[in-house]
Amino acid sequence: MDESPFWEKELETFPTEQLRALQLRRLRRVTELCERSPYYRQTFREANFESSQLKTLDDLRRIPFLTKEDLRASGPFNFLAVPQDEIVRVHSTSGTTGVATPIFHTGEDIEAWANLVARCMYMVGMRRSDVFQNTMGYGLFTGGLGFHYGAERVGAMTIPAGAGNSRRQIRLMQDFGTTCLHIIPSYALYLGTVFQEMGLNPAADTQLRLAFIGAEPHTERMRERIEELYGIKAYNSYGLTEMSGPGVAFECPEKQGMHLWEDSFVAEIVDPASGERVAEGEEGELVLTALHRRGMPLLRYRTRDLTAAIPGACACGRSHLRIARIKGRTDDMFVIKGVNVFPMQVEKVLLSILGVGSNYRIVLETVEMQDRMKLMVEVTGGLWKGDVQELSRLRDRLVEGLREEIMITPRVELVEPGSLPRSEGKAARVEDLRRNH
Ligand code: ADP
Ligand code: ZN
């Protein structure tokens, strides 16, 4: 049994037509359910839509998009599709881009969510015999409890370590022989420096073999760094509170994109400006409809996350849609001197140049009426104490690499290791101090 790479083989490998038929059945059920929530009763009435009119998956387009602003403006209780006493749990977004949004769950919702997370962990090889350490924040944030329930469902011994307290994290790994880690990528690199401070090597002095990394955008190079540092395999995990949390999309062992679980979600990729669907393979904003939620079903939610569908079949045998690594949020992008820049583009350049530490901060400021981009980058300890000329050469290479990638010339400041604010939660990469912004 443990030899199978699938958690739910049939569902994971459903032929596409069957998957579409399942989605349609579930979509009908969920839109019917929505008719019980005050928000959707009104929205459907205004859009002249009734769940009984849903004949094909394309009919979904008759339902208007739902934005974060709609959620906030209407208030969460208006989205309840069941009596409030059926709700057993509330979670809330981490509020990276503003006020936190609460999401309600029934017992069944929690079960379905735990199953999806278990499917992801099992897919990349976590088994009952593993020891799983969860370094994500418990509480309202979904990364903690979401993975916790998933891991227990797989049957791994779970260490609910929670966020922060780095030395303790390391001690726990050693005391219990942790083999699988759930960790935010920027924190994984930081934790590497704490290992060093303790005179330990994360690869040699732990039993680690797998990490689930996610909750924030990161590059392929960042993943490689984490894999090298810890001597493990690291897989990208994507989710958002509005769609329950982790377990929406997850990389399979092929590492050619993340499978988005289409038995539980309908995915659309749209042009962020026009809302029209983009052609297959083109980049756009991910829009998600949850098919498996009863308490607070949400339809056509604009995630603001940019990705693209990856065409073709995956060698792992799973038929569910693959999406590309998330490039960032539509609202992470900043415009400077008329050029659109994503923090991920900067990270890509930084990590490709040897000797540069991973932590960085982009500061946008106005100097003498001109907008300017300043990039502060930590270098490794050896370099910092070493030759001044070498540092200056490194800075030149960075400026050049960045100019090629983003087409503007930033001011680069190399700073001492450990001097930039560290993230034990999600990294805030950009600080915008410009006037008129
Ligand atoms: P908040 O929106 O306040 O950060 P969440 O904790 O729900 O609240 O975070 C979900 C968001 O985190 C996603 O919409 C996405 O922007 C980001 N995210 C989550 N996982 C990943 C990932 N693997 N890659 C890139 N971004 C991710
Ligand atoms: Zn696959």
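Counting starts at 1 for both ligands and their atoms, in listed order.
- Neither the backbone nor the side chain of Arg325 comes within contact range of ligand 1; no heavy atom lies under 4.0 Å.
- Close contacts of ligand 1 with Phe141, meaning ligand atoms under 4.0 Å from a residue heavy atom, involve 6 (O).
- Heavy atoms of Leu240 found under 4.0 angstrom from ligand 1 belong to the backbone as well as the side chain.
- We find that Arg28 and Asp59 are not joined by a salt bridge, their nearest charged nitrogen and carboxylate oxygen being 4.0 Å or further apart.
- Proximity to Gly214 (heavy-atom distance under 4.0 Å) selects the following atoms of ligand 1: 23 (N).
- Heavy atoms of Lys68 approach ligand 1 to within less than 4.0 angstrom.
- Ionic pairing of Arg223 and Glu251 is present here: one or more N-O contacts between side-chain nitrogen and carboxylate oxygen are shorter than 4.0 angstrom.
- Glu268 has no carboxylate O lying under 4.0 Å from a charged side-chain N of Arg61, or vice versa, which leaves the two without a salt bridge.
- Salt bridge annotation for Glu242-Lys68: present, with a cationic side-chain nitrogen under 4.0 angstrom from a carboxylate oxygen.
- Contacts between Thr142 and ligand 1 below 4.0 angstrom, taking non-hydrogen atoms only, are absent altogether.
- Looking at ligand 1, you won't find any N or O of Glu242 less than 3.5 Å from one of its N or O atoms.
- Under 4.0 Å is where a charged nitrogen must lie from a carboxylate oxygen, and between Arg41 and Glu35 no such pair does.
- Listed by number with element, the atoms of ligand 1 under 4.0 Å from a non-hydrogen atom of Gly239 are 10 (C), 13 (C), 19 (C), 20 (N).
- A salt bridge links Arg20 with Glu262; the closest basic N to acidic carboxylate O contact falls under 4.0 Å.
- Taking a cut-off of under 4.0 Å to the non-hydrogen atoms of Thr241, the atoms of ligand 1 that pass are 5 (P), 6 (O), 7 (O).
- Around the Zn ion (ligand 2), the protein N, O or S atoms found under 2.8 Å comprise Cys252 SG, His259 NE2, Cys314 SG, Cys316 SG.
- Counting heavy atoms closer than 4.0 Å to ligand 1, residue Pro217 contributes atoms from both its backbone and its side chain.
- Interface of Asn236 with ligand 1, defined as ligand atoms under 4.0 Å from a residue heavy atom, comprises 22 (C), 23 (N).
- In Ser237, the part holding a heavy atom less than 4.0 Å from any atom of ligand 1 is the backbone.
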